[in-house]
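Accompanying notes for the structure given below.
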Amino acid sequence: MAHHPRTDLESAAIRFAGDFGDCIQLMGDQFARTSAALGNAVFTAPDLPGEIRSRPGTLGGVHAFQVGFGSSAITPGDYVHTLVAMTPAALRANLPDVAAGGIIVANTDSFVAEEWVKAGYDRDPLSDGTLTGYRVIRVPVTTLNADAVSALKLSPRDADRSRCFFVLGLMYWLYDRPLDATLHWLRDRFAHLPDVYKADRRSLKAGYQFGMDLPGHAGFRVAAQVYGPGVFRRVNGATALALGIAAAANRSGREALFASFPFAPAVELLHQLMELQPPGVCPLQAEDESAAASMALGASFGGSLGFTATAGPGLGNISDVIGLAVAAELPLVVIHTMRCGPALGVPGKPEQADLLQAIHGRNGESPVPVLAVRSPADGFDVVLEATRLTMRYMTPVIVLTDVGLLHAGEPWRVPNVATLPDLRPPASPPPPTPGKPFLPYARDVRLARPWVVPGTPGLEHRVGGLEKEDGTGVVSYEPADHEHMVNVRGQKIAQIAGDIPRLALEGPPQGDLLFLSWGGTYGAVRQAVESLRTSGFNVSHGHLRHLSPLPADTSDVLRRFKRVVVPELNCGQLVSLLRSQYSIDCESLPKVQGRQFLGAELADWARGSFRPRLLSPGVEL
Amino acid sequence: MAHHPRTDLESAAIRFAGDFGDCIQLMGDQFARTSAALGNAVFTAPDLPGEIRSRPGTLGGVHAFQVGFGSSAITPGDYVHTLVAMTPAALRANLPDVAAGGIIVANTDSFVAEEWVKAGYDRDPLSDGTLTGYRVIRVPVTTLNADAVSALKLSPRDADRSRCFFVLGLMYWLYDRPLDATLHWLRDRFAHLPDVYKADRRSLKAGYQFGMDLPGHAGFRVAAQVYGPGVFRRVNGATALALGIAAAANRSGREALFASFPFAPAVELLHQLMELQPPGVCPLQAEDESAAASMALGASFGGSLGFTATAGPGLGNISDVIGLAVAAELPLVVIHTMRCGPALGVPGKPEQADLLQAIHGRNGESPVPVLAVRSPADGFDVVLEATRLTMRYMTPVIVLTDVGLLHAGEPWRVPNVATLPDLRPPASPPPPTPGKPFLPYARDVRLARPWVVPGTPGLEHRVGGLEKEDGTGVVSYEPADHEHMVNVRGQKIAQIAGDIPRLALEGPPQGDLLFLSWGGTYGAVRQAVESLRTSGFNVSHGHLRHLSPLPADTSDVLRRFKRVVVPELNCGQLVSLLRSQYSIDCESLPKVQGRQFLGAELADWARGSFRPRLLSPGVEL
Amino acid sequence: MTGTSLPVLSAKDFATDQTVRWCPGCGDYSVLTNFQHALAGLGLPRERVAVISGFGCAGRLPYYLNTYGFHTLPGRALPLAVGLKAARPDLTVWVAVGEGDTLGPGVGALLHAVRRNVDIKILLFNNEVLGLTRGQASPAARVGTRTRTTPHGSTESDLKPLPLALAAGLTFAARTADVDAERLLNVVRRATFHRGTAIVEVYQNCHVYNDGAFDYATDPSIKAETTLELEHGKPLIFGSDRERGVRLTGPTADIVELRDDVPLDDILVHDESLPDPTQSWVLSRMTFPEYPECFGVFRAVERPTLDEILHVPPPGPTRALQDLLAGDDPWTVV
Amino acid sequence: MTGTSLPVLSAKDFATDQTVRWCPGCGDYSVLTNFQHALAGLGLPRERVAVISGFGCAGRLPYYLNTYGFHTLPGRALPLAVGLKAARPDLTVWVAVGEGDTLGPGVGALLHAVRRNVDIKILLFNNEVLGLTRGQASPAARVGTRTRTTPHGSTESDLKPLPLALAAGLTFAARTADVDAERLLNVVRRATFHRGTAIVEVYQNCHVYNDGAFDYATDPSIKAETTLELEHGKPLIFGSDRERGVRLTGPTADIVELRDDVPLDDILVHDESLPDPTQSWVLSRMTFPEYPECFGVFRAVERPTLDEILHVPPPGPTRALQDLLAGDDPWTVV
Ligand SMILES: Cc1ncc(C[n+]2csc(CCOP(=O)(O)OP(=O)(O)O)c2C)c(N)n1
Ligand SMILES: Cc1ncc(C[n+]2csc(CCOP(=O)(O)OP(=O)(O)O)c2C)c(N)n1
Ligand code: SF4
Ligand code: SF4
Ligand SMILES: [Mg+2]
Ligand SMILES: [Mg+2]
């Protein structure tokens with residue numbers, strides 16, 4: 001029915017959802033590869049169940065994988081344009097995210113009474129009005145797929161294995177994607193299993209054909225983004241961080257030791273480093289979080305770059321080690337993945353509620369720089385920046401990311417190693433001469449003390465967690481020494497505000513409304529602001545990569561707007577921080593559902609059609 | 001020379017200082033007892049070296065013990081009126097705290113070259129001008145004491161043992177105290193050692209006589225405070241907390257389990273409870289902080305009152321357990337002793353730099369009530385209040401105190417157990433009936449869930465650190481459930497603001513200057529404000545016992561003053577908190593020297609003669 | 001059910017209405033079922049049982065048991081159970097923990113519970129892998145195990161929970177496997193009525209990340225050769241024809257063929273009650289393929305438990321609270 | 001000193017100018033002096049030695065040693081040393097820790113360092129009390145010890161570091177006492193050159209809170225009767241007339257009088273190098289007064305160390321960073 005013209009879209013988000021056995025990840029990945037090769041910007045966001053493998057058909061066991069693609073900023077936070085629901089449970093769990101008027105591709109073969117019941121439906125959701133307002137494409141996937149591969153005479157079980165390619169083919173038709181990238185991939189992958197290759201190929205094509213034959217549907221066309229030139233790849237958040245560590249080792253000339261205790265999904269970092277074996281990086285699995293952080297700090301004392309990763313309650317468990325690094329004034333980079341809390345909250349879901357903990361969660365006055373990652377690929381840059389700060393200021397640095405960012409993927413221009421920032425630390429001090437003893441706490445212009453590599457003759461010295469005399473580093477209980485050291489450590493961190501970029505804005509430098517984002521809300525805010533600006537709203541977007549200290553001009557920038565609104569996946573922590581530092585009252589848009597904002601949700605809010613649920617007055621931040 | 005009239009004083013602080021062998025604590029204790037018996041308000045504050053027993057004569061080994069006494073509010077924070085310096089090191093370490101024109105009682109027998117050098121003096125500080133501006137009483141203590149007891153024919157060593165009583169006698173003369181309380185004590189104590197008793201007695205009297213014979217000195221008279229009626233005792237901060245736990249068990253009708261890992265001086269609580277064996281209290285030494293907190297939480301799950309104590313980095317080590325208690329909504333009282341940080345900082349010295357950590361130092365949105373102790377005896381009341389909140393709101397509660405408060409002692413009106421607050425928790429819910437299942441997360445008007453004692457038939461239920469559906473307590477990963485629970489937990493804590501006393505003021509309810517204190521700065525602020533008001537200043541004093549949530553009227557009260565100044569032993573944490581909650585800019589008076597404020601220091605500041613060192617702009621709080 | 005006697009509970013009475021959320025094929029299912037049966041057979045009312053769990057797949061156990069339960073965090077289940085038992089000696093406290101949790105963040109708490117002989121019972125799910133975090137090396141991973149964090153096979157030597165705990169003074173040590181219903185019932189019963197810390201180590205198959213790790217010990221066709229069933233007072237004999245035995249030569253265990261000229265008298269006789277833990281230590285360390293692996297009860301001895309100690313009133317008269325408040329040196333102002 | 005050979009260092013070269021701050025009479029003084037002498041005798045340059053300490057009185061050691069040093073927190077010294085050694089295999093890393101720290105918050109890190117056989121050397125100051133916190137019961141306190149937290153005598157059974165670590169796979173175990181200068185020198189030297197985790201347990205007198213706890217083992221007038229000096233290849237004999245010996249009956253050690261009809265052949269011969277750790281376990285558990293306490297080297301065996309493993313390049317070619325950045329599936333836009 002090629003005579004219906006396709007509808008043009010700027011971008012779209014589709015979501016595959018089903019059981020463990022539905023190869024959701026595979027479909028999503030292929031769709032993303034194909035789209036990236038077409039020149040779309042692509043953002044992928046898997047959504048895995050909290051349990052390893054739950055009972056098929058239950059809500060708890062639904063796997064989902066979203067692919068956002070199009071010509072402009074894409075975030076995991078789009079309303080879903082097409083939902084592929086392989087099971088009733090997949091429909092139920094994901095329907096709230098589908099845009100009004102969106103498309104539901106339903107695998108009717110699994111919409112049987114037994115399955116609705118497992119999903120918690122009383123009746124068939126395909127026919128009881130649940131889907132009123134959506135466009136439903138009913139596909140008896142198993143049946144049609146069995147037909148498609150019948151010539152191969154496979155067992156029914158083996159035949160059914162290729163059903164995901166049937167669905168993928170249909171989706172390729174729906175969004176006008178060519179089949180060849182996936183066909184190539186299949187050929188390479190199953191070179192040694194010709195039957196599998198053939199079945200998958202047939203299924204893919206049959207799915208596409210099914211789409212072409214659909215009455216009344218014409219499908220869509222999504223324009224490619226103009227970007228480049230350069231070498232690009234897709235990268236997910238965990239990989240970007242792992243590559244950042246590898247690049248940090250390379251550009252600093254120091255080995256990196258990455259020690260961590262497994263915590264899903266932060267453990268992906270350990271997996272990646274073990275798998276990639278980047279030169280100069282030593283990954284180490286520790287027995288618990290505090291051991292991991294201590295190992296990393298020990299490595300830093302040894303002149304290597306110590307990295308550790310934590311998640312959830314793990315950050316509290318290592319607060320003493322971070323405090324020790326503050327006192328010893330040694331490098332240490334802590335990559336902390338935020339997830340729903342308190343305690344273990346909702347596994348596998350993003351939140352941003354550990355910001356104030358990162359800033360304040362240590363005993364004594366122990367300020368440390370805190371940075372946050374804004375998108376999957378951004379983790380690479382943030383690790384390099386954290387490495388710069390940790391060595392230049394001899395201080396531990398906390399990098400915040402979240403569960404969603406670790407899983408999500410986006411296109412990334414592969415940097416040239418040689419042109420990455422030069423991160424070599426200051427040279428070791430000269431050996432002492434008579435009358436000029438070595439001072440381990442002598443400070444340079446940035447108030448940083450020297451980083452001496454053990455093994456260097458003549459510079460033997462002792463550090464530790466007790467207060468010291470400045471310069472000599474000798475333990476001191478003198479009141480004045482303590483006050484001096486507290487102030488010096490404070491100033492050392494505070495002045496970093498002058499060594500980081502100013503708060504950059506998208507949009508005009510002043511106006512009615514500024515959206516201020518930090519961390520993973522970046523994408524949704526950027527998308528909202530772009531769409532608002534397109535429709536004529538005078539809105540700007542500021543994003544904070546450095547949360548502590550804040551860029552020096554933060555207060556000035558914020559004051560230039562009538563209203564500043566801060567969407568956060570918490571109860572308003574950045575708002576509280578800004579108020580405590582500048583007495584500036586920003587508006588809080590809190591969301592604590594274990595889900596990222598949608599760009600449209602924010603744009604709607606700005607258009608006045610969305611009533612944000614603000615905090616109840618007096619709620620403790 | 002009784003013809004010189006004594007000078008009348010409102011109050012005075014004296015400090016005994018010397019080596020480990022100088023029985024500093026004994027002198028201080030006796031002086032305090034005698035003064036209390038006279039009807040003075042007495043505040044004692046020992047100052048022990050960070051090491052167990054250091055080399056005699058070195059600065060690191062100086063012991064000190066301050067006794068403040070008089071007719072009005074007495075705090076450890078007075079300038080010293082008379083310093084007893086048994087050694088040059090004792091002089092050197094303590095001279096900065098002596099009031100201009102104050103008295104130095106110097107044991108000249110130990111001011112010999114070898115000893116000055118150990119103390120770091122180049123010359124004899126008694127004669128090189130160091131003491132210009134002070135009144136020096138030179139006393140060859142060892143020599144005179146040997147004379148005094150010579151008739152007893154003791155060995156020189158044994159004779160020297162009583163020298164502290166010589167000094168005490170002199171101090172009794174100086175401040176016009178009778179000898180009898182000490183003489184009685186000696187008689188009881190050394191009934192079986194008549195020689196010791198005789199020697200000490202002679203020394204005491206000889207010291208007094210030495211005072212009477214002093215040319216040009218007439219001594220002082222310190223008026224007694226009018227207080228009573230009632231039974232009084234002296235109590236130090238650790239004992240008051242321990243007794244508070246005992247009273248909490250008694251008044252709640254629940255057993256208390258107190259588990260902690262030793263951390264000087266917080267370990268005093270464990271010692272006290274092991275020694276006193278209060279009925280209904282089970283003290284337990286744990287293998288580390290997180291085990292201790294977990295044990296306490298386990299006891300709470302069992303229907304007992306779980307208490308734990310931490311200090312320094314220990315609070316971070318248990319942040320996960322506190323978070324678990326937030327999620328499980330169970331009682332838990334954490335008594336945290338603040339000391340200089342970061343890491344282990346300066347052992348044995350007070351600081352208030354863990355306030356924001358107590359409030360924010362957990363992952364996820366996990367608000368908990370935070371209270372602070374203001375004086376040694378106040379710990380008793382604060383523990384009872386924490387017990388009330390922890391059970392009434394089914395939430396962990398953090399009680400902050402500091403190293404200084406634990407050691408310090410003050411008079412305390414012994415409460416009548418029967419009239420202490422009734423702390424019985426709400427009754428256990430009724431057993432479920434058909435159609436009315438038991439709901440472990442059903443909430444009462446205060447949003448608290450029921451506290452069920454395991455062993456109760458029919459109310460079996462499961463709690464844990466994962467997110468739940470409200471009411472049923474069933475684990476739920478539903479976005480809406482999570483958001484609801486975050487909000488409910490937040491509101492539950494926020495509304496406590498309405499269930500605590502308003503912010504009480506000393507002085508007029510509005511005006512030019514309000515001193516706002518929290519925790520251990522209370523005494524110094526109270527003293528400062530009283531002295532300012534006596535000299536005609538229009539100053540008020542507000543004190544915050546509840547730091548989170550703050551009393552409901554805090555903002556209103558603060559706004560009634562032109563200036564609000566907050567002295568804190570940190571870089572301005574309460575100031576930052578107030579700004580973040582109310583956008584109110586208070587002035588910060590930071591002091592991070594491991595020392596409490598002096599009342600006079602604050603009064604001087606208010607009089608404009610003291611230039612407080614304010615934070616450098618931009619220093620990270 | 002008559003009016004006066006205690007109701008007899010069935011395994012179903014110990015089940016909840018929650019959907020069980022382990023992977024299909026996981027050994028945890030059998031452990032759950034067998035444990036429910038075991039609880040039902042104890043004659044204890046449900047409300048007297050509390051199950052405290054750590055984090056990991058095993059940690060979900062309490063949700064499926066209709067008793068009091070608390071699902072905690074890595075490393076915190078044991079001390080929490082210690083506090084619970086100290087406060088409530090009348091409860092039967094079981095702890096359900098994975099080996100990754102117990103030998104990692106929880107190992108200190110394990111050793112301290114053991115040395116204090118706290119009267120808690122530990123169901124130690126040993127699947128030799130971190131399951132819930134999706135398959136990393138566990139401290140109990142045997143040399144050579146491949147996981148996502150040991151892609152070339154693990155090289156570190158493993159921690160074995162029983163020898164470790166025996167070195168800390170464990171009074172009851174047993175081992176079983178997920179699928180061995182009868183033995184599991186038996187050791188759970190014995191552990192419950194043991195006074196003091198009891199560890200029941202359960203070899204549990206992680207179907208997804210370490211599948212078949214214990215096949216050698218559970219496969220009926222070979223287990224007679226690879227395992228040894230401990231029986232108190234009986235010689236340590238195994239083999240499909242019970243043709244091999246364990247002999248101690250000095251401190252080292254030897255496997256001898258009974259067919260040879262080795263008399264039965266030379267074979268070690270199992271004695272759970274030896275005050276010296278060395279023999280149980282040696283047996284609990286025996287590992288396939290060098291040795292048959294031992295199952296059953298290694299050690300069952302008595303010494304005072306922490307809760308007994310805590311609830312023995314300390315010597316001397318206790319003082320009433322009012323007295324304590326007044327202290328030794330009060331004064332009266334009128 | 002000639003121009004070409006390494007400078008010969010004396011104990012004084014390993015001292016700093018810091019005032020030593022232990023209580024007068026503390027056993028730590030002898031440990032310090034002996035340790036300085038031992039370091040001087042190793043032929044290692046100062047800058048290649050790092051001393052990491054935990055918290056407690058023992059934790060002050062690094063301040064008095066003119067090497068690289070790091071004074072850390074309770075429970076953190078060992079993992080910090082592990083990280084240091086992993087990053088810097090060329091350094092000789094010593095760890096100075098008290099038993100309260102090591103067996104309390106640090107016990108997990110201890111066992112994991114041991115099982116990984118990290119090439120660090122642990123000087124374990126065992127005074128059987130928490131010294132710095134002013135005298136509470138230590139996990140190593142023997143039953144009956146009175147402290148401020150065990151006013152009626154401790155009732156919990158103690159943890160002994162060596163048996164515990166041997167259960168986790170320790171490759172070098174030694175014990176000495178603060179005052180035994182010669183033995184301390186000797187075991188420190190052997191530990192230093194051992195490849196793998198080495199523990200040197202030092203019985204150290206806390207003069208203030210546990211004075212005389214080890215008098216039975218250090219008093220020259222009785223120590224021949226109460227202690228046994230381990231010598232590789234020699235029979236385990238002790239007594240002032242070397243008249244008693246240790247025999248193993250099954251797994252249990254017996255003390256026998258050589259005067260009886262017990263032949264010397266029955267006496268156990270010490271062998272540090274046995275692959276099976278049981279014999280060293282038994283010896284390290286022997287406690288006065290039931291047994292003489294053993295001093296010297298219990299065990300010294302080799303297996304791969306963590307840092308060796310880490311620095312063996314894993315199989316397969318390593319990929320250049322630029323390659324890794326591009327990944328497997330890059331595309332080019334022109
Ligand atoms: C503080 C913290 N650190 C780490 C984790 C991640 N984590 C979850 S379960 C687990 C251990 C799982 O292993 P095991 O105890 O063997 O249980 P299994 O899943 O194999 O049953 C870990 C490390 C966590 N949940 N919390
Ligand atoms: C986080 C933390 N918890 C507790 C303490 C208190 N503390 C200081 S030293 C120490 C242990 C001392 O015992 P041990 O290791 O035996 O050393 P010793 O003083 O006997 O040499 C403890 C618990 C601390 N400093 N920090
Ligand atoms: S991951 Fe392994 S242990 Fe966990 S539920 Fe699945 S099969 Fe069981
Ligand atoms: S307390 Fe004991 S161990 Fe510590 S320095 Fe004093 S004597 Fe030594
Ligand atoms: Mg496991
Ligand atoms: Mg000790």
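Values reported hereafter were calculated over all heavy atoms of this structure, with side chains retained and with hydrogens, waters and symmetry mates removed. Sequence lines set the chain letters: A, B, ... in the order given, protein chains first and strands last, and positions in each chain run from 1.
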Under 4.5 Å from a heavy atom of chain D, the part of [X] involved:
X: A:Pro415; result: both
X: A:Val235; result: neither
X: A:Leu459; result: both
X: A:Asn416; result: both

A:Ser294 side chain to D:Leu80 backbone, donor-acceptor under 3.5 Å: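 A pair under 3.5 Å: no.
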
Okay, side chain of A:Glu460, backbone of A:Pro457: is any donor-acceptor separation there less than 3.5 Å?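 Side chain of A:Glu460 to backbone of A:Pro457: no pair is present.
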
Quick check on the interface: out of [options], who has the most heavy-atom pairs with chain A under 4.5 Å?
options: D:Thr332, D:Leu324, D:Asp328; answer: D:Leu324
options: D:Arg46, D:Arg48, D:Arg76, D:Arg116; answer: D:Arg76
options: D:Leu73, D:Val93, D:Ile52; answer: D:Leu73

Please identify each residue that fulfils side-chain hydrogen bond (donor to acceptor under 3.5 Å, both in side chains) with A:Thr472, with sequence neighbours left out.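 Testing A:Thr472 for side-chain hydrogen bond (donor to acceptor under 3.5 Å, both in side chains), a comparison that skips the adjacent residues, returns A:Glu469.
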
Would you say the side chains of D:Tyr63 and D:His71 form a donor-acceptor pair under 3.5 Å?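 There is such a pair between these side chains.
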
Any donor-acceptor N or O pair under 3.5 Å, side chains A:Asn317, A:Ser290: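 The answer is no; no qualifying pair exists.
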
For each of [options], tally heavy-atom pairs with chain D at distances under 4.5 Å, and name the one with the top tally.
options: A:Ala246, A:Gly302, A:Pro454, A:Gly458; result: A:Pro454
options: A:Leu257, A:Val281, A:Thr239, A:Val231; result: A:Val231
options: A:Val475, A:Asn250, A:Asp320, A:Val452; result: A:Asp320
options: A:Gly464, A:Gly465, A:Gly455; result: A:Gly455
options: A:Arg33, A:Met295, A:Arg462; result: A:Arg462
options: A:Ala296, A:Ala327, A:Ala36, A:Ala240; result: A:Ala36

In terms of heavy-atom proximity below 4.5 Å to chain A, should [X] be classed as side chain, backbone, both, or neither?
X: D:Leu321; answer: both
X: D:Asn66; answer: both
X: D:Leu78; answer: neither
X: D:Ala81; answer: neither
X: D:Gln18; answer: side chain
X: D:Leu325; answer: both

Working note: D:Thr102 + D:Val107, criterion side-chain contact (heavy atoms from CB on, under 4.5 Å); need CA distance, chi angles, decisive distance, verdict. CA-CA 5 Å; D:Thr102 317; D:Val107 72; over 6 Å; no

Salt bridge check, D:Asp119 against D:Lys85: does any charged N sit closer than 4.0 Å to a carboxylate O?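 Salt bridge between D:Lys85 and D:Asp119, a charged N being under 4.0 Å from a carboxylate O: yes.
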
Test: A:Arg234 and A:Asp29 ion pair at under 4.0 Å: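 Result for this pair is yes, salt bridge flagged.
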
Taking salt bridge (charged side-chain N to carboxylate O under 4.0 Å, His left out) as the cut-off, I'd like each qualifying pair that reaches into residues 236-259 of chain A, sequence neighbours left out, listed once.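 Those involving residues 236-259 of chain A do not exist here.
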
For residues D:Thr197 and D:Leu170, report the shortest heavy-atom separation together with the two atoms involved.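 D:Thr197 and D:Leu170 have their closest heavy atoms at O-CD1, 3.7 Å.
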
Between A:Phe301 and A:Trp451, is the ring centroid distance below 6.0 Å?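 No, the ring centres sit 6.0 Å or more apart.
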
For D:Phe125, give me all partners under ring-ring contact (aromatic ring centres under 6.0 Å, His included), at least two apart in sequence or on another chain.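 Testing D:Phe125 for ring-ring contact (aromatic ring centres under 6.0 Å, His included), a comparison that skips the adjacent residues, returns none.
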
Picking from D:Val188, D:Leu65, D:Thr67, what satisfies side chain to side chain contact (heavy atoms under 4.5 Å, CB included) with D:Trp94?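 One option only clears the test, and that one is D:Val188.
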
Could you name the residues of residues 303-310 of chain A that have a heavy atom within less than 4.5 Å of a heavy atom in chain D?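 Only A:Ser304 of residues 303-310 of chain A have a heavy atom under 4.5 Å from chain D.
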
Under the 6.0 Å and 45° cation-pi test, does A:Arg449 pair with A:Tyr441?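 Judged by the rule (NZ or CZ under 6.0 Å from the ring centre, within 45° of its axis), A:Arg449 counts as positioned above A:Tyr441.
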
May I ask you to test the D:Val95-D:Ser53 pair for a side-chain heavy-atom distance under 4.5 Å?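 Sidechains of D:Ser53 and D:Val95: no contact.
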
